[in-house]
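Notes follow the structure.
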Amino acid sequence: MMLLEYNFRKYNIRLVLYVLLLNLLGIMVIRSATNQNAALVGKQVMGIIVGFSIVLILSLLDYHKILSLWMLNYMVCVAGLAAVLLFGERVNNATRWLKLPGIGQIQPSEFVKIGLVAFFAWYFSKHQEKLNRVGVLLMAGGLFSVLFLLIFKEPDLSTGLVTMFVFLCMLFVAGLSYKWIFGAMAVAVPLGGLMVYLFQYDMVPFLEGYQVRRILAFVNPEKYAEANLQQDNSIMAIGSGMLHGKGLNNNTLASVKNGNFLSEEQTDFIFAVIGEELGFVGCACVILLIALITYECLLMAARAKDLAGTLVCTGMAALIAFQSFANIAVATGVFPNTGLPLPFVSYGVSSLLSIYIGIGLALNVGLQRKLSNY
């Protein structure tokens, strides 16, 4: 049996410990952000328990067997996103959730992030020798575009951009030629500038009005000050925490969570609560733990015994690092306002379980790493 062949001294306990510490910190902040809402905290705790069970199981399953189900994986991703558009409920100008009997509300796009990592780990490793051929790249682009467009249609531009970043990182690590990279940059950079210019004249029909306003508010904050209100409040909350913060469960009227200064402070703007209540020290601890998790994923990628394993761990590192950066960047005004959760910290069972699936796959890659001296 494969299980008996594992050398469990290679099991990455450090990664599990970092994730657990970040989860515990997240529970404390969610409890405070929701004014000690026992139901929401209970759901998050249950998500962590189920998530760690998933991590344990997947970390002991050979990732090659999981990647070999590439067709099923891709079709489930497409079917889940299509089901959202057909049967999902529209809330706040977006359709992102499905209600399943006996399970409750889930967000399929969160699981698609991990499905994308698994599928393209298989695809790029399968076509490793022919990766830079036009046909292989066009097929990869087409397969990714189907998922991206379905997510974009919800609309969920922020999640779409996360999947695009992960896809491009995996493509680069798989061995994409610099000729393709520089050629793409030569087109993308001026195109991006043109898009920002067209935003000002409402000449980009495929974006929703609120998405355009958020981008314009970032480019020209004086003119679109109202669209920046939540981010301005978030920055003030983080600054008010100073070094050590005001303490967890702070209930003063001026608190960011009690004064209706933010919406979804337990998810999209949870970093503002961390900054206000735990101060610079708390923020630094969160960033450090995220950096350590990303580092461990990259270390396992470097030690993986094949390209498929390298790509699984690279994809997870890219996902965790970019999504964390984007969430914190929004809370601190560095990025336009988006709706991304902070991995392992924000409230949201779909986000939590999906990223646990990815961590479980990465741990199995680490468990099967090649022999080395580092």
Side-chain angles (χ1 to χ4, degrees), residues 6-23 25 51 54-55 58-59 61-64 66-67 113-125 128 131 144 161-178 181 284-329 340-345 351-352 354-374:
Y6 289 146
N7 180 357
F8 285 96
R9 287 179 296 179
K10 296 179 179 178
Y11 200 92
N12 196 334
I13 299 298
R14 295 186 305 277
L15 177 58
V16 176
L17 178 62
Y18 299 148
V19 168
L20 182 59
L21 288 173
L22 203 52
N23 279 152
L25 193 151
I54 292 172
V55 166
L58 287 180
S59 67
L61 292 177
D62 187 353
Y63 66 93
H64 296 99
I66 296 173
L67 299 188
K113 295 174 187 176
I114 309 304
L116 180 145
V117 170
F119 175 77
F120 283 105
W122 170 85
Y123 181 87
F124 291 144
S125 61
Q128 181 178 2
L131 182 66
F144 169 74
L161 292 177
V162 170
T163 60
M164 182 179 293
F165 181 83
V166 172
F167 171 76
L168 292 176
C169 286
M170 294 177 68
L171 181 57
F172 173 75
V173 172
L176 183 66
S177 169
Y178 280 97
I181 295 172
C285 288
V286 169
I287 293 171
L288 176 62
L289 285 170
I290 290 169
L292 289 171
I293 291 171
T294 303
Y295 172 77
E296 290 297 335
C297 288
L298 291 174
L299 190 62
M300 291 189 296
R303 294 175 172 178
K305 67 180 184 179
D306 55 23
L307 180 61
T310 295
L311 292 174
V312 167
C313 294
T314 298
M316 287 308 302
L319 171 59
I320 293 167
F322 183 74
Q323 186 163 313
S324 299
F325 172 76
N327 177 279
I328 295 171
L340 290 171
L342 184 59
F344 305 109
V345 179
S351 173
L352 194 63
S354 67
I355 210 159
Y356 273 135
I357 294 171
I359 290 294
L361 288 175
L363 283 169
N364 185 261
V365 174
L367 193 57
Q368 297 190 55
R369 70 175 186 252
K370 62 186 177 184
L371 295 176
S372 63
N373 295 321
Y374 63 95

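Heavy atoms only: backbone and side chains are in, while hydrogens, waters and symmetry mates are out. This structure is a prediction, so every number in the text was calculated from the model and none was measured.
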- What are the two closest non-hydrogen atoms of L311 and F120, and how far apart are they? CD1-O, 4.1 Å

- Non-hydrogen atoms of M300 and G366 that approach each other most closely: SD-CA, 3.8 Å

- So Y63 and D306, side chain to side chain contact (heavy atoms under 4.5 Å, CB included) or not? Walk me through it. CA-CA 11 Å; Y63 66 93; D306 55 23; 2.8 Å; yes

- With sequence neighbours left out, write down each residue that passes side chain to side chain donor-acceptor pair (under 3.5 Å) with Q323, or none if nothing qualifies. K113

- Side chain of N12, backbone of L363: donor and acceptor closer than 3.5 Å? no

- Note on the structure: Rounding to 0.5 Å, atoms OG1 (T294) and CD1 (I287) come to a distance of 11.5 Å

- Message: Just verifying a value: how many Å separate L292 CG and L22 CG, rounded to the nearest 0.5 Å?
- Response: 10.0 Å

- Item | Counterpart residues, side chain to side chain contact (heavy atoms under 4.5 Å, CB included), relative to L17 (two or more places apart) | L21

- Message: Taking side chain to side chain donor-acceptor pair (under 3.5 Å) as the definition, give me every residue that meets it alongside Y11, ordered by chain and number, with sequence neighbours left out.
- Response: S59

- Message: Working to the nearest 0.5 angstrom, can you tell me the gap between R9 CZ and L367 CG?
- Response: 12.0 Å

- Can you check side chain to side chain contact (heavy atoms under 4.5 Å, CB included) on L116 and L319, steps first, answer last? CA-CA 11 Å; L116 180 145; L319 171 59; over 6 Å; no

- Start with the C-alpha gap between M316 and I114, add the side-chain angles, then the distance that decides, and say whether side chain to side chain contact (heavy atoms under 4.5 Å, CB included) holds. CA-CA 8 Å; M316 287 308 302; I114 309 304; 3.8 Å; yes

- Query: With sequence neighbours left out, which residue pairs that include part of residues 308-319 fulfil the side chain to side chain donor-acceptor pair (under 3.5 Å) condition?
  - Reply: none

- CD-CD1 distance between E296 and I359, expressed to the nearest 0.5 angstrom: 10.0 Å

- Query: What distance separates Y356 OH from L361 CG, expressed to the nearest 0.5 Å?
  - Reply: 15.0 Å

- All heavy atoms of L298 vs all of A317, minimum pair found to be CD2-CB, 3.6 Å

- Query: Partners of L61 by side chain to side chain contact (heavy atoms under 4.5 Å, CB included), sequence neighbours excluded?
  - Reply: I57, L58, I66

- In chain order, what residues pass the ring pair (Phe, Tyr, Trp, His ring centres under 6.0 Å) check against F344, with sequence neighbours excluded? none

- Message: Tell me if a side-chain donor or acceptor on S125 pairs with a main-chain N or O of W122 at a distance below 3.5 Å.
- Response: yes

- Message: N364: which residues meet the side chain to side chain donor-acceptor pair (under 3.5 Å) condition with it, sequence neighbours left out?
- Response: Y6, Q368

- Would you sort out whether I290 and L342 count as a side chain to side chain contact (heavy atoms under 4.5 Å, CB included), showing the intermediate values? CA-CA 10 Å; I290 290 169; L342 184 59; 3.9 Å; yes

- For residues 300-325, the ring pair (Phe, Tyr, Trp, His ring centres under 6.0 Å) pairs (sequence neighbours left out) are F165-F322, F325-F335

- Note on the structure: A304 and G309 have their tightest heavy-atom pair at CB-C, 3.6 Å

- Can you name the residues that form a ring pair (Phe, Tyr, Trp, His ring centres under 6.0 Å) with F144, not counting sequence neighbours? F148, F167

- Message: For L176, give me all partners under side chain to side chain contact (heavy atoms under 4.5 Å, CB included), at least two apart in sequence or on another chain.
- Response: N132, L137, L171, W180, I181

- Message: Please enumerate all residues that pass side chain to side chain contact (heavy atoms under 4.5 Å, CB included) together with V117, with sequence neighbours excluded.
- Response: V166, M170

- Hey, are the side chains of L67 and V312 touching, using non-hydrogen atoms and a 4.5 Å cut-off? yes

- Message: So Y178 and F172, do their side chains get closer than 4.5 Å, heavy atoms only?
- Response: yes

- Task: Measure across C313 and C297 and return the closest heavy-atom pair with its distance rounded to 0.1 Å.
- Result: CB-O, 3.2 Å

- Task: Write down the atom of L340, the atom of A326, and the distance for their closest heavy-atom approach.
- Result: CD1-CB, 3.7 Å

- Query: With Y123, which residues qualify under ring pair (Phe, Tyr, Trp, His ring centres under 6.0 Å), at least two apart?
  - Reply: H127

